[in-house]
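So the structure is just underneath, and the comments pick up after that.
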Number of protein chains: 2
Amino acid sequence: MRPREFDHDDVLRIAFDQFWRKGVRGTSLSDIARDAGVQRGSLYNAFGSKEALFLQAYERYAGDYLIALQKALSAGSLRKRLTAFLDLTITNFRSGIPPRGCPTTRGLMELGAAEGEGLDDDARQAFANLVSRITALVQDTLSAGAERGEFNGNPAAAALHIITVTRGLAVLERAFGDEPQLRKIAAHTIDLVLGKKGS
Amino acid sequence: MRPREFDHDDVLRIAFDQFWRKGVRGTSLSDIARDAGVQRGSLYNAFGSKEALFLQAYERYAGDYLIALQKALSAGSLRKRLTAFLDLTITNFRSGIPPRGCPTTRGLMELGAAEGEGLDDDARQAFANLVSRITALVQDTLSAGAERGEFNGNPAAAALHIITVTRGLAVLERAFGDEPQLRKIAAHTIDLVLGKKGS
DNA sequence: TCATGTTCTTGACACCGTGTCAAATATTTT
DNA sequence: AAAATATTTGACACGGTGTCAAGAACATGA
């Protein structure tokens, strides 16, 4: 066996970085290969296809992201948790990969827009999976809040609502890029779900 | 002047149909040319580029769509109007072009996902424009409702919230394709904005 | 040490999509 | 009828994805 001349995870990180910044469509395997100091053919050998490479990079991201969201959802009052959750959400698709920042551009895989615009059903599935898991996190938080009397409503419906807003924010971000407006919408959403702040 | 051998508007309709069904990325000018019985080069001559063609087709769609939304927003009680609005929204990105149905696939330009995944800033702008105009329609409806005592809240904030949900629904639709769930979210949103139905 | 097998790498190739261009073509105008 | 003008047509360049065969690097067993 000849050993691989590059690090699998390094490539995944480099690839995701590019996908995030320039979009899946806008990133070619040549770009990634150049950045990673690897031959394009080697990428095909190691990952099979651009899409498969994207999927692996995406799964990696999804894992990190979920952990960060969970952390945001586990501090203080229910209102604080939801605020932190929405803050992180907005920050995330405004800035880049959760851990290391990537300042300028906004990603789009948060939209699940991959499918139809270049990727197939697996990417859609992966995205759906992430959304489901985030929804479960929020619902659990709401349920716990309900037990503590911080919320009286349907946790499942409210969680779904919040997730929907979350995804909508991603779209608006791409359309307008107006962060203050996004934060207003987020605050308004929390008020709607939990009741106005001053009541 | 040699006269054009095809109808400008026919091509626009055919093109949008394909973009809607297969995505912008998934549709080549060859596809459109074949469908329209036109030479590919003629399309470049007439429209300049794939993107320009898309933009024209999109503007056409946006106009029709806005009219349909406005109609939905102008019948009956405020709750009925918003319900009709969300119904049309869901139906729209579930079925196809508003007037003539296109049953199977779901479009994605409703996401403004165009940018980054193949299209540039003009497409983003066009999308942002559509969203703005829809927001204005909803806000006007809410304001009118407020004057009639059917709503007491901030019309601007509520409209923005509804539009955000709307865009989020588009994302969820693409992720899950679960229409009943979408309608539940929509109903829940109306309850949040107007107050629960039975109160 | 050397041969062998396995895996990775490398470069060439086919294919498709976008976009450009010049030559040919069809009308209208003079 | 000739000129002017816009459209059509086919060839071309370019870049991206994906495939393949041949070469290269290592592990193992003799």
Side-chain angles (χ1 to χ4, degrees), chain A residues 1-12 14-58 108-109 113-123, chain B residues 1-12 14-58 108-109 113-123:
Chain A
M1 289 234 316
R2 175 174 180 175
R4 209 158 256 165
E5 294 181 5
F6 61 89
D7 185 68
H8 197 265
D9 280 16
D10 281 354
V11 169
L12 242 43
I14 291 171
F16 187 84
D17 205 71
Q18 302 228 9
F19 285 143
W20 185 270
R21 294 202 322 267
K22 304 185 296 180
V24 178
R25 169 86 196 285
T27 303
S28 74
L29 281 201
S30 306
D31 295 338
I32 297 169
R34 192 176 341 99
D35 247 50
V38 176
Q39 210 69 16
R40 198 170 58 88
S42 295
L43 295 181
Y44 278 100
N45 176 58
F47 298 97
S49 70
K50 178 178 177 177
E51 163 141 7
L53 170 57
F54 168 75
L55 279 177
Q56 285 197 32
Y58 185 77
L108 65 99
M109 32 202 92
E115 179 222 3
E117 273 303 338
L119 299 175
D120 76 356
D121 209 59
D122 289 343
Chain B
M1 288 234 316
R2 174 173 179 174
R4 209 159 257 165
E5 295 181 3
F6 60 89
D7 186 69
H8 198 265
D9 281 16
D10 281 352
V11 168
L12 242 44
I14 290 170
F16 187 84
D17 204 72
Q18 302 228 9
F19 285 143
W20 186 269
R21 294 202 322 266
K22 304 185 297 180
V24 178
R25 170 87 196 285
T27 304
S28 74
L29 281 203
S30 306
D31 295 338
I32 297 170
R34 192 177 340 101
D35 247 51
V38 176
Q39 210 69 16
R40 199 171 57 89
S42 295
L43 295 181
Y44 278 101
N45 176 60
F47 297 98
S49 70
K50 178 179 178 176
E51 163 141 9
L53 170 56
F54 168 76
L55 279 176
Q56 285 197 33
Y58 185 77
L108 64 100
M109 30 202 95
E115 178 223 5
E117 273 302 336
L119 298 175
D120 77 355
D121 209 58
D122 289 343

inquiry  = Any donor-acceptor pair, under 3.5 Å, between the side chain of B:R2 and the base of C:dT25, if you only look at N and O atoms?
reply    = yes

inquiry  = I want to verify a distance call: between D:dT17, D:dA24, C:dT20, whose nearest atom is closest to the B:Y44 side chain?
reply    = C:dT20

inquiry  = Could you measure the distance from the CG atom of B:L12 to the CG atom of B:D17? Nearest 0.5 Å is fine.
reply    = 12.0 Å

inquiry  = Applying a 4.0 Å non-hydrogen cut-off, can you work out what A:F6 is touching in the nucleic acid: base, sugar-phosphate, or nothing?
reply    = sugar-phosphate

task = May I ask you to test the A:L55-A:F47 pair for a side-chain heavy-atom distance under 4.5 Å?
result = no

remark   = Ranking C:dT9, D:dT17, D:dT8 by distance to the side chain of A:N45, first place goes to C:dT9

request  = Please check the phosphate of C:dC8 (OP1 and OP2 only) for any side-chain N or O of A:S42 closer than 4.0 Å.
outcome  = no

Toward the 5' end of DNA chain C, by each residue's nearest nucleotide, A:G41 or B:M1 = A:G41

No-H, no-angle donor-acceptor pair, B:R40 side chain to C:dG17 base, under 3.5 Å = no

ask   = Which of the following nucleotides, D:dA24, C:dA12, C:dG19, is nearest to the side chain of B:S49?
value = C:dG19

message = Does D:dT8 have its OP1 or OP2 closer than 4.0 Å to a side-chain nitrogen or oxygen of B:Q39?
response = no

First of A:E5 and B:P3 reached from the 5' end of DNA chain C, by closest nucleotide = A:E5

